[in-house]
Every structure is written in C-alpha cells, then in structure tokens.
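Just so you know, these numbers use all the heavy atoms, side chains as well, and skip hydrogens, waters and symmetry mates. Since this is a predicted model, take the numbers as computed values, not measurements.
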Amino acid sequence: MRPARPAAGVLHDLVLPWYAAHQRDLPWRRPDRSPWGVLVSEVMLQQTPVSRVLPVWQRWMSLWPTPSALADAAAGEAVREWGRLGYPRRALRLHAAAVAVRDDHGGVVPAEEAVLRTLPGVGDYTAAAVAAFAFGRRATVVDTNVRRVHARAVTGTALPAPSLSRAEVELATALLPEDDARAAVWNVAVMELGALVCTARAPRCGDCPLATVCAWRLAGSPAHDGPPRRGQAWQGTDRQCRGRMVQLLRDSTEPVPGDALRAVWPEEAQRDRCLDALVAEGLVEPLDGGLFRLPGLAS
DNA sequence: CATGCGTGGGA
DNA sequence: TTCCCAAGCAT
C-alpha cells in the first residue's frame, strides 16, 4: 500500500527552517535589489544555470539599473550584453518588456501577476515569480524545481511529466501557506530545495529535510517509468547555425558583410533560411550594401 | 499541445 | 567522451 501524502503543514515545518539555514546568497535576493532586478534575473534564469547568470546580471544592473534605462538603449545592446547565456531572443524580449514598462506603466515594474503576464517574455512562471519574490505576493510559483520536489515528496514519482498539468498547479496552490510573506518564502524555499538537494539526476536525499516524509523515498525510490526523455539534437540544427551567426555579430563592433555571416555555415539553404529567420525575428538587422548588425546599434 | 529556441558544465 | 539538462516562452 502506498504511503500517505505528507500534509502541507508538515512540509512547511521541514522546508522553511532548511531554507533559512541553507539558502544561497544571490544578489537578486538581497534586500537592496529592485523589482526590475528580480525580473531581469528571472528571465535570465529561464533554462540557464545560476552560475552563468551571475556576472551577466551584475553587468546589466550596472548598465541599466531601471527599466527606462534599458528601454532607452538599442535592442542590439541588450543582445550583445546577453553574451553567451543562450536563447538571445530573451534579451530582445526583455528589452521590449522594458519599453512596455516605460511607455505603459510609468517606468514602474507592475506588481500584479496578470499585468506582468502581458510583458514580452513573461509567462505564467515568471509573472508569478516576480509577484512573489519582488512584491511578496501570494502567487503560485511552479518551475521545474518545484515540479520535481512535488513529484517526489508528494506524488511519489521520480520525475514530473514533460508538460505541466492542471493538477500540478492545483497541488502547488494547495500547498501554499495562507500568509502572504510565508507563501513567498515557501515558493523560493521549494525551488532552492529542488536546485540544491532534490536534483534531477542524483538527488542528495541524505541532506534532504523531507527524507523522512518523502512519498518517493517511502515507496523505495522507484525509477522513472514514463517514456524516456528526448534530448535536444544539436549538430547540424538551425539552432547551431543561428548561434554562430549571432555570435559573429555580437563579437563585431562593425556591421558584418553578408558573405562573412554566411561563411559560418556550409549548407546554403539552411544558412539562408536561418539568416532570414533571424532578420524576421528582429535579432539581426539588414543594412544597405549587404551588411548586417545587431538591431538598432549605432554604426 | 508539441516544437523550436543556445550554451557550457558536470556526471 | 557523450549525454543530460538549467528558475520557460511563444507559436
């Protein structure tokens, strides 16, 4: 027979003290950080590890301490300063979000989840995270870490399903403490537990505050039974081709001739398709004379 | 709802 | 070395 699910109060009493003792000192968690800093960190952290975000976030905060500061810069500067974080369209959307905050919200990052959700690059997760972490709101924050902790500790499975289900959101909402401030800490605490202890590959159950109540452990830590997770292909993909082109533009202070841009990829049809797509998405700007550059940069 | 979208470090 | 994957979003 399956072990009972641990009650919410039990989880709170175990996880909150653990977080108080083990939380990382991250700059976007410090008292002096702004809602803008939190928003920037959340977008940078989408699919990107903390260690790589840290230096870029610091640089962005010094260059553009407010949404209006970024909005007044060229979009291409945002892409350039994004460096090698990956998925550079996030930089473009963050710039667009800054413009929206400046033009539609008086330069102030909105606190309402529904309003945050209207900003480019801000989805359900990021809107909830900013509302909770920057403004102390009681929001249901469900990221991959939270999903994994809930899957193991509460549901008793090794890993969550590939896509977020309605049931998972309802579970996360049910586990949220009633009190606003406590709820905000709970959200970040569960994420931190997933990031540091309840990790995807080799969970450190020996260090886990939930080890004694974890449904997955009590069931004998059964292996993942669903379909094997498909890794993303890389060699020969459009993503690899696009990555090379954007890198070339990022590393050049001058506009780049189309011939030089096309030289980064041998296959003609794919190379042209990728360049066209980059231009269509606004990540690359075509100039007269067959030159290209990052969008909006003075040259 | 499944896919495409970058990158680099650790197991 | 190869594989996996890290605080998702938009279409």
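- As judged by a 4.0 angstrom heavy-atom cut-off over every strand, A/Gly121 is placed among residues touching the sugar-phosphate backbone only.
- Between A/Trp234 atom CH2 and B/dT7 atom C1' there is a gap of 7 Å when expressed in whole angstrom units.
- Using a 30° and 60° split on the angle between ring planes, A/Trp28 and A/Trp57 fall in the perpendicular class, above 60°.
- From the 5' end on, the contacts that DNA chain C makes with chain A at under 4.0 Å to a non-hydrogen atom open and close at C/dC4 to C/dA10.
- Per the geometry, CG belonging to A/Leu248 stands 15 Å off P belonging to B/dG6, to the nearest Å.
- For the residue pair A/Glu81 and A/Trp60, no side-chain donor N or O sits within less than 3.5 Å of a side-chain acceptor on the partner.
- Between the side chain of A/Arg52 and the base of B/dT7, a donor-acceptor pair under 3.5 Å is found.
- Nearest heavy atom pair, residue A/Arg152 against residue A/Thr199, reads NH1-O, 2.8 Å.
- Residue A/Pro162 is classed as having no contact, given no heavy-atom separation below 4.0 Å to the nucleic acid.
- A/Ala200 comes within 4.0 angstrom of the backbone, heavy atoms only, and of no base.
- In this structure, A/Leu92 atom CG and B/dG4 atom P are separated by 21 Å, rounded to whole Å.
- Under 3.5 Å, the side chains of A/Gln232 and A/Arg239 contain a donor-acceptor pair of N or O atoms.
- The residues A/Asp207 and A/Arg204 are annotated as salt-bridged, a charged nitrogen and a carboxylate oxygen being separated by less than 4.0 angstrom.
- A/Arg137 and A/Glu113 are not joined by a salt bridge, as no carboxylate oxygen comes within less than 4.0 angstrom of a charged side-chain nitrogen.
- Within residues 24-51 of chain A, the residues that have a heavy atom under 4.0 Å from DNA chain B are, in order of number, A/Gln47, A/Thr48.
- Within 4.0 Å (heavy atoms only), A/Gln240 reaches no atom of the nucleic acid at all.
- Using atom P as the reference point in both B/dA11 and C/dA7, the two lie 15 Å apart (nearest Å).
- For A/Thr66, there are no side-chain hydrogen bond (donor to acceptor under 3.5 Å, both in side chains) partners, not counting sequence neighbours.
- For A/Leu54 and B/dG9, the CG to C1' distance is 15 Å, given to the nearest whole Å.
- Put simply, A/Val279 and A/Tyr87 are part of two different groups of oily side chains (I, L, V, M, F, W, Y) that touch within less than 4.5 Å, one to the next.
- Using a 4.0 Å cut-off between charged nitrogen and carboxylate oxygen, A/Asp25 and A/Arg30 count as a salt-bridge pair.
- The phosphate of B/dG9 (OP1 or OP2) has no side-chain N or O of A/Arg201 nearer than 4.0 angstrom.
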